[in-house]
*Asks:* 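So that we are looking at the same thing, I have put the structure below in structure tokens.
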Amino acid sequence: DTAVSQTPKYLVTQMGNDKSIKCEQNLGHDTMYWYKQDSKKFLKIMFSYNNKELIINETVPNRFSPKSPDKAHLNLHINSLELGDSAVYFCASSQAYSNQPQHFGDGTRLSIL
Amino acid sequence: AQSVTQLGSHVSVSEGALVLLRCNYSSSVPPYLFWYVQYPNQGLQLLLKYTSAATLVKGINGFEAEFKKSETSFHLTKPSAHMSDAAEYFCAVTASSNTGKLIFGQGTTLQVKP
């Protein structure tokens, strides 16, 4: 009965590869987010979708492409992985994109060799 | 632009002692403020939120926070620390654009000594 689930939990890959992270929420929320947590634990938003519509698109390299097939899913595809992409990526969801609390997944730890 | 500053990247207290984690915010509009906790290898869990209904907000696990507009602060407290409180704590504010964008502070690591 996990509320926000991400797969995989760990991702180890070589520089230059393409990888995807999947996120699903069963809370009935209509807004989903991707955050990046760096090695100093600093959290920064990357994207958000509301009912499959892109709402927030921060200054993220265009190698990162989010895709929302429906409001319960928000996937993150990363092309041509670089060393600096190593981080923990968190998916979150909330009801509406105003000021409701966001519910976070357990994160995907991406390590680039 | 909105911002959050957490004073003290690392706080150490003895078990049973008062926990005080400091958060100051900057916002040109009335803010919505949150405290989240992150246990090792886990996601963030909401502790409490301020949404202008009451200045003293009670959260889970015995934590509470007081919104002080004059001091632009939203400090987190707990009267008596437990070993299980050891974790990373984040203060966050929503952006004025009302897009749900959360702006996080740098985080404070709470260590609880026996």
Side-chain angles (χ1 to χ4, degrees), chain A residues 2-10 21 23-25 27 29-51 53-60 71 74 88-109 111, chain B residues 1-6 8-11 21 23 25 27 29-53 57 59-60 63 65 67 74 87-110:
Chain A
T2 304
V4 181
S5 59
Q6 299 179 225
T7 53
K9 191 172 177 65
Y10 299 96
I21 306 172
C23 179
E24 176 182 4
Q25 55 94 4
L27 296 168
H29 291 162
D30 57 9
T31 305
M32 297 184 71
Y33 311 80
W34 278 111
Y35 288 86
K36 180 180 180 180
Q37 186 174 46
D38 63 22
S39 58
K40 295 183 179 179
K41 298 193 176 179
F42 183 65
L43 278 153
K44 192 168 189 296
I45 192 164
M46 301 172 70
F47 303 102
S48 79
Y49 272 76
N50 175 260
N51 277 325
E53 180 186 351
L54 182 65
I55 302 298
I56 296 173
N57 185 352
E58 290 291 290
T59 50
V60 177
K71 69 177 188 178
L74 180 61
V88 182
Y89 293 85
F90 286 101
C91 178
S93 72
S94 70
Q95 187 55 42
Y97 56 85
S98 55
N99 303 307
Q100 297 301 312
Q102 295 177 21
H103 297 252
F104 285 77
D106 283 343
T108 296
R109 185 174 294 276
S111 300
Chain B
Q2 295 182 313
S3 65
V4 174
T5 302
Q6 291 183 239
S9 59
H10 193 103
V11 170
L21 304 182
C23 173
Y25 69 90
S27 178
V29 296
Y32 286 76
L33 294 157
F34 305 84
W35 274 100
Y36 284 87
V37 61
Q38 184 180 24
Y39 298 103
N41 297 317
Q42 292 186 28
L44 280 73
Q45 180 182 359
L46 180 70
L47 276 177
L48 49 81
K49 62 178 181 178
Y50 167 75
T51 56
S52 76
V57 182
I60 62 171
F63 284 94
F67 173 73
F74 190 56
E88 191 79 18
Y89 291 80
F90 292 95
C91 182
V93 65
T94 54
S96 57
S97 55
N98 204 32
T99 59
K101 174 181 175 180
L102 272 178
I103 296 171
F104 285 91
Q106 307 92 315
T108 298
T109 302
L110 176 64

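Lettering follows sequence order; numbering is per chain, from 1.
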*Asks:* Determine whether more than 12 heavy atoms belonging to other residues, nucleotides or ligands lie under 6.0 Å from atom CD of B:Q42.
*Replies:* yes
*Asks:* Counting C-beta onward and ignoring hydrogens, is there a side-chain heavy-atom pair between A:Q102 and B:Y36 closer than 4.5 Å?
*Replies:* yes
*Asks:* Which atom names give the shortest non-hydrogen contact between B:Q38 and A:F90, and what distance separates them?
*Replies:* NE2-CZ, 3.2 Å
*Asks:* Rounded to the nearest 0.5 Å, what separates atom OG1 in B:T51 from atom CD in A:Q100?
*Replies:* 8.5 Å
*Asks:* May I ask you to test the A:L43-B:L44 pair for a side-chain heavy-atom distance under 4.5 Å?
*Replies:* yes
*Asks:* State, with a plain yes or no, whether a side-chain heavy atom of B:N41 is found less than 4.5 Å away from one of A:R109.
*Replies:* yes
*Asks:* NZ of B:K101 to CE of A:M46: how many Å apart, nearest 0.5 Å?
*Replies:* 13.0 Å
*Asks:* Determine whether A:F104 and B:L46 satisfy the following criterion, side chain to side chain contact (heavy atoms under 4.5 Å, CB included), listing intermediate values before the conclusion.
*Replies:* CA-CA 9 Å; A:F104 285 77; B:L46 180 70; over 6 Å; no
*Asks:* Just give me the residue among A:K9, A:Q37, A:K40 that pairs up with chain B most often, heavy atom to heavy atom, under 4.5 Å.
*Replies:* A:Q37
